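This one's a predicted model, so the numbers in the text were calculated from it and none came from an experiment.
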Amino acid sequence: MNDVGRLVPIKVKEVVKGQEIEQFKQLLLDAKKKNLKISIAGKQHSQGGHTYFKDAIVLNMTTYNKVIKVDHDEKLITVQSGATWADVQEAINPYGLSIKTMQAPNIFTIGGSMSVNVHGRDIRFGPLIESIRSFRLMNANGDILDVSRTENEELFRLVNGGYGLFGIILDVDIELTDDVLYKSRNEWIDYHDYPDYFKEKVLDNPEIEMHNSRISIAPKNLLTEMYVTNYYKTVEKKFEDYTDLANEKYIRRNKFAFGLSRHSDWGKNFVWFVQKHAFKEGQEEFISRNNVMRPEVEFLQYEGKNDTDILQEYFIPVDDFPDYIDRLRNLLTENDLNVLNITVRHVPKNEEAFLSYAKEDMFALVFLINQGISEKEIEKTGEVVRKIIDLTLEMNGSYYLPYYHYPTKEQMREAYPKTDEFFQKKREYDPDERFMNQFYEEYGT
């Protein structure tokens, strides 16, 4: 079995498609009798082998995907954990409702998004845990627990951002917001000015709800040129004219153009040149909130024979962004890392989850990296990634856990001070020492 990163192939015992609660309970009981382990998978975009385990039973939750209820008055949806954000959007769009927080793409499952505690483009809402009202969890014994901020509260903070280690997420109550019409506007700014620009021109402007930015990885202007896209609430046009959910266009063209950047500096310069023309200063567009949260991503799908695209993500305090960029540029200039894209997003402070990554207001730098899949290439990439993490930690930042396990145990403990407490809680809620002993032996913490 493999995940989307294709760097951790492992032989598993079997893959079981999730169907119903009684099936889950029987699976847990049978696994316990046979001394087998169970892992939980959604779309498998966590890229470090999080969703499967050697000789384990993999529970594929993508078939446990019903939308149970949409409560328009409460602005609440109840959905099974294997449903995707696209499923949620299809269900709530007719009600004029929208999701508060999700990843940029809508292809991921609810359970998977909870398990990594995603963040998104909306600067008014923090990580996904803020939008989760409650959920039902089947624990290691097959018991069903109601989990919220008032019931089994500790599990609420462990399961959100807990990478599937505490049980099977069944159905989830997710808080929604109103779908609205935005007018997007592009601006090109000096990266030195970005912290003040963001705080004064974006965060302090109540009309701006969504924000996205990108900084150049093209060798001609490495980490110097930068543009932002702001989304302003507007009544200049009829909202009803923009409510149809959009589908991705020009996939083959965009895939070809982006593919050029994987293999040459010329390609990277060309792609940035295209972006400069596509996102011109002052360019405006009208778009619904739900369509902002359906960005084009299919053109990024890639399965090279000898290489793969991976993600890494680093969180840095807002005011330290310019200094971090200067030091990062030096690091990337001195080391060989095939970076294809860096998107910058804002992540408000939130420490509710045990493994929280935003201990203060942060900018998240999302790296798309192309690398070889051989052991030599994996180690080569790992050396550079660990240097970037050292730089990030030195500046009181953090890094995101869903990706390939390049960081050291020491780096994880520094970025996530509750690491050891988190794994101790795993032992308490799932006291199978055989599992934990093998887990530590193969992966450490």
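- Note on residues 7-25: no pairs pass salt bridge (charged side-chain N to carboxylate O under 4.0 Å, His left out), not counting sequence neighbours.
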Pair Tyr194-Ile189, side-chain contact (heavy atoms from CB on, under 4.5 Å): steps then yes or no: CA-CA 7 Å; Tyr194 189 43; Ile189 64 172; 3.3 Å; yes
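- A heavy-atom distance below 4.5 Å is found between the side chains of Tyr182 and Lys233.
- Of all non-hydrogen atoms in Val202 and Ile123, the two that sit nearest each other are CG1-CD1, 3.6 Å.
- Rounded to the nearest 0.5 angstrom, Thr419 OG1 and Glu410 CD are separated by 11.0 Å.
- Between Arg136 and the options Asp146, Asp171, Asp143, Asp173, a salt bridge (charged side-chain N to carboxylate O under 4.0 Å, His left out) holds for only Asp171.
- Minimum interatomic distance between Pro94 and Ala91 (heavy atoms only, all atoms of both residues): CD-O, 3.6 Å.
- A donor-acceptor contact closer than 3.5 angstrom is absent between the side chains of Tyr399 and Gln411.
- Using bins of under 30°, 30° to 60° and over 60° for the plane-to-plane angle, the ring pair His119/Phe315 lands in the perpendicular bin.
- No donor-acceptor contact under 3.5 angstrom links the side chains of Ser134 and Glu151, judged on distance only.
- A distance of 9.5 Å separates CG in Asn60 from OG1 in Thr51, rounded to the nearest 0.5 Å.
- The shortest side-chain heavy-atom distance between Tyr406 and Thr381 falls under the 4.5 Å cut-off.
- Considering all non-hydrogen atoms of both residues, Ile57 and Leu36 come closest at CD1-CD1, 3.9 Å.
- Taking the six-membered ring wherever Trp is involved, the centroid distance between the rings of Phe363 and Tyr324 does not fall below 6.0 Å.
- Side-chain atoms of Lys43 and Ile107, non-hydrogen and from C-beta on, never get closer than 4.5 Å to each other.
- The structure places CD1 of Ile388 at 4.5 Å from OH of Tyr314, a figure rounded to the nearest 0.5 Å.
- A salt bridge does not link Lys201 to Glu187: none of the charged side-chain nitrogens sits closer than 4.0 Å to a carboxylate oxygen.
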Check against side-chain contact (heavy atoms from CB on, under 4.5 Å), Lys32 and Asn141: CA-CA 9 Å; Lys32 186 166 288 191; Asn141 297 320; 3.0 Å; yes
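- Look at Arg124 and Glu209 and you find no salt bridge, because none of the NZ, NE, NH1 or NH2 atoms lies under 4.0 Å from a carboxylate O.
- The closest side-chain donor-acceptor pair between Asp30 and Gln26 falls under 3.5 angstrom.
- The CG atom of Leu223 lies 5.5 Å from the CG atom of Leu328; values are rounded to the nearest 0.5 Å.
- Counting heavy atoms from C-beta outward, Met226 and Ser213 have side chains that approach closer than 4.5 Å.
- Using a 4.5 Å heavy-atom cutoff, the side chains of Asp122 and Lys100 are not in contact.
- Of the possible polar contacts, one joining the Lys255 side chain to the Gln301 backbone as a donor-acceptor pair under 3.5 Å is found.
- Between Val16 and Ile38 the shortest side-chain heavy-atom distance does not fall below 4.5 Å.
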List, one per line, each side-chain donor-acceptor pair under 3.5 Å for residues 155-167, sequence neighbours excluded.
residue: Arg157; atom: NE; partner: Glu153; partner atom: OE2; Å: 2.8
residue: Asn160; atom: ND2; partner: Phe156; partner atom: O; Å: 3.0

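- Ring geometry for Tyr403 versus Tyr400: interplanar angle over 60°, hence perpendicular rather than tilted (30 to 60°).
- Of the N and O atoms on the side chains of Tyr357 and Glu313, not one donor lies less than 3.5 Å from an acceptor on the other residue.
- Remark: Asp71 CG to Ile77 CD1 distance equals 10.5 Å, nearest 0.5 Å.
- Under the 6.0 Å cut-off for aromatic ring centres, Phe198 and Phe321 do not qualify, their centroids lying 6.0 Å or more apart.
- In Lys66, the NZ atom is not crowded: 12 or fewer heavy atoms of neighbouring residues, nucleotides or ligands sit closer than 6.0 Å.
- Partners of Lys380 under the salt bridge (Lys or Arg N to Asp or Glu O under 4.0 Å) rule, at least two apart in sequence or in another chain, are Asp336.
- A salt bridge links Glu74 and Arg133; the closest N-O separation between the charged side-chain nitrogens and carboxylate oxygens is under 4.0 Å.
- You'll find the side chain of Leu337 reaches within 4.5 Å of the side chain of Leu332, heavy atoms only.
- For Glu130, the side-chain hydrogen bond (donor to acceptor under 3.5 Å, both in side chains) test picks out Asn350, with sequence neighbours left out.
- There is a side-chain donor-acceptor pair under 3.5 Å between Asn290 and Ser98.
- Of all heavy-atom pairs spanning Pro417 and Lys359, the tightest one is CD-CE, 3.7 Å.
- Cation-pi geometry between Arg289 and Tyr231 is not met: the NZ or CZ atom fails to fall both under 6.0 Å from the ring centre and inside 45° of the normal.
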Salt bridge (charged side-chain N to carboxylate O under 4.0 Å, His left out) evaluation trace for Lys37 with Asp55: CA-CA 8 Å; Lys37 306 167 192 64; Asp55 298 325; over 6 Å; no
From CA spacing to verdict: side-chain contact (heavy atoms from CB on, under 4.5 Å), Asp178, Lys75: CA-CA 8 Å; Asp178 292 322; Lys75 296 182 182 178; 3.1 Å; yes
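- Around the NZ atom of Lys199, the shell of radius 6.0 Å holds more than 12 heavy atoms that belong to other residues, nucleotides or ligands.
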Steps toward side-chain contact (heavy atoms from CB on, under 4.5 Å) verdict (Thr109, Asn65): CA-CA 9 Å; Thr109 63; Asn65 59 0; over 6 Å; no
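- Not counting sequence neighbours, Asp196 has no partner by the salt bridge (Lys or Arg N to Asp or Glu O under 4.0 Å) test.
- Checking side-chain atoms of Thr308 against main-chain N and O of Gly5 turns up a donor-acceptor pair under 3.5 Å.
- Residues that satisfy the salt bridge (Lys or Arg N to Asp or Glu O under 4.0 Å) test with Asp326, not counting sequence neighbours, are Arg329.
- Residues Glu352 and Arg149 have side chains in contact (heavy-atom distance under 4.5 Å, counting atoms from C-beta outward).
- Side-chain contact, Asn205 with Tyr232: no donor N or O sits under 3.5 Å from an acceptor N or O.
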